[in-house]
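Here's the structure we're looking at; comments come further down.
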Amino acid sequence: MGMIRALLIPAALLALSTGWGLNAAHAADSPDGEEAERAERWKELQHALFGDRKIQDGSAWLGIEAPARALDAALVPVSLTVKGDQAIKGIYLVIDNNPGPLAGHFIFGPQGDPRSLKLRVRVNAYTYVHAVAETRDNQLFSAARFVKAAGGCSAPAGADEQQAMQDIGHIKLRLMQPFAAGKPMEAQLMIRHPNFNGMQMNQATRLYTPAMFIRTIDVSYNGAPVMHLDSDISLSSDPVISFGFIPPQKGQLKVLVRDTKDSTFGQSFDVPAPAG
């Protein structure tokens, strides 16, 4: 993907993350008071992540879908869509009330198609989820969705650690449409990784499992960048990510995953997939 800077959470954002639980505990009981707290939280996060850059309303063409009340706070599905011909350089996914609010930063390469993204995340408390799109002329646009879920960040990654570690690094890819050269396609990427975030307790030892989670994912097509993801602790266990790409001809889609232990996992897939 070239010299793409790794995700570095600003110190100001870390300070906000550690202090927010206490602030939220003292939020006003009225709905208006809660909304004011949430608006202030988003204002602080904007400054921590984007400085003084202006963020415009993009809800007319930037879509974010998530369940109003999640069935499983550790596996909350989020869908991001871009309508029209907006020239998108990247998309930030921010889960306001999570301990690590910046869940991911997607950067699109020349073979990437930013019009559709799907993934599963952990949600720690009732929160707004924000998508912030950055255009190629460096403008920022946002859309938001409110999600009712709690406890997703501390939920165990599996029945036990040993089970969660089985087949770590195994990668599967599923093409969602028939191949047609030069036409958009959607691919579903499945990665076996427990994504331990340091907040999960081992039920046998009663000790917290050390953090070990996916840090980056790079996808390329015949050597040309498709998508780069800088991730953090909010990505679900065994992540499933759907993304778009435009294959100019038959070729290979290559996936490279790196986690916080500096372990790397890679796999290449033929497009179109072999018959049978």
When you measure from the side chain of [X] to the backbone N and O of [Y], does any donor-acceptor pair fall under 3.5 Å?
X: N98; Y: N124; result: yes
X: Q200; Y: N197; result: yes
X: R192; Y: D167; result: no
X: Q177; Y: E186; result: yes
X: N222; Y: Q252; result: yes
X: S234; Y: A103; result: no
X: Y221; Y: G251; result: yes
X: D270; Y: A273; result: no

Heavy atoms only: give me the nearest [X]-[Y] pair and the separation to one decimal.
X: S237; Y: P194; answer: OG-O, 2.8 Å
X: R145; Y: A66; answer: NE-O, 2.8 Å
X: P77; Y: L75; answer: CD-O, 3.3 Å
X: F196; Y: P210; answer: CB-O, 3.5 Å
X: F265; Y: H193; answer: CE1-CD2, 4.0 Å
X: G100; Y: D232; answer: CA-OD2, 4.2 Å

Flag if over 12 foreign heavy atoms under 6.0 Å of [atom1], [X]:
X: K89; atom1: NZ; value: yes
X: D85; atom1: CG; value: no
X: Y208; atom1: OH; value: no

> Under the side-chain contact (heavy atoms from CB on, under 4.5 Å) criterion, do L119 and L229 qualify, and how do the steps go?
Replying inline: CA-CA 12 Å; L119 68 160; L229 170 61; 5.8 Å; no
>> Regarding R115 and D113, does a basic nitrogen lie under 4.0 Å from an acidic carboxylate oxygen?
In response: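 The answer is yes: the pair qualifies as a salt bridge.
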>> Can you tell me which residue among E34, R69, K148, R38 is in a side chain to side chain donor-acceptor pair (under 3.5 Å) with Y126?
In response: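 Between Y126 and the candidates, side chain to side chain donor-acceptor pair (under 3.5 Å) is satisfied uniquely by R69.
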Taking the side chain as every heavy atom from C-beta outward, state whether [X] and [Y] have any pair of such atoms under 4.5 Å apart.
X: M212; Y: I168; answer: yes
X: L235; Y: R122; answer: no
X: V94; Y: W42; answer: yes
X: D96; Y: P101; answer: no
X: S236; Y: N195; answer: no
X: V121; Y: V123; answer: yes
X: I91; Y: V82; answer: yes
X: S242; Y: R174; answer: no

> Would C153 and I233 satisfy side-chain contact (heavy atoms from CB on, under 4.5 Å), going step by step from the backbone distance to the final call?
Replying inline: CA-CA 8 Å; C153 290; I233 65 172; 5.5 Å; no
If you group Ile, Leu, Val, Met, Phe, Trp and Tyr by side-chain heavy-atom gaps below 4.5 Å, do [X] and [Y] land in one group?
X: I217; Y: L175; result: yes
X: F213; Y: M190; result: no
X: Y128; Y: V76; result: no

> Can the ring centroids of F50 and Y92 be said to lie less than 6.0 angstrom from one another?
Replying inline: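 Judged by ring-centre distance (under 6.0 Å), F50 and Y92 do meet the cut-off.
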>> Does L189 form a side-chain contact (heavy atoms from CB on, under 4.5 Å) with I171? I'd like the steps, not just the answer.
In response: CA-CA 7 Å; L189 179 64; I171 302 171; 3.5 Å; yes
>> Checking L117 against M227 for the side-chain contact (heavy atoms from CB on, under 4.5 Å) test, could you report, in this order, the C-alpha distance in whole Å, the side-chain angles of both residues, the deciding distance, and whether it holds?
In response: CA-CA 11 Å; L117 278 171; M227 181 190 74; 4.0 Å; yes
> Using 30° and 60° as the class limits, which term best fits the ring planes of F106 and F108: parallel, tilted or perpendicular?
Replying inline: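 Parallel: the ring planes of F106 and F108 meet at under 30°.
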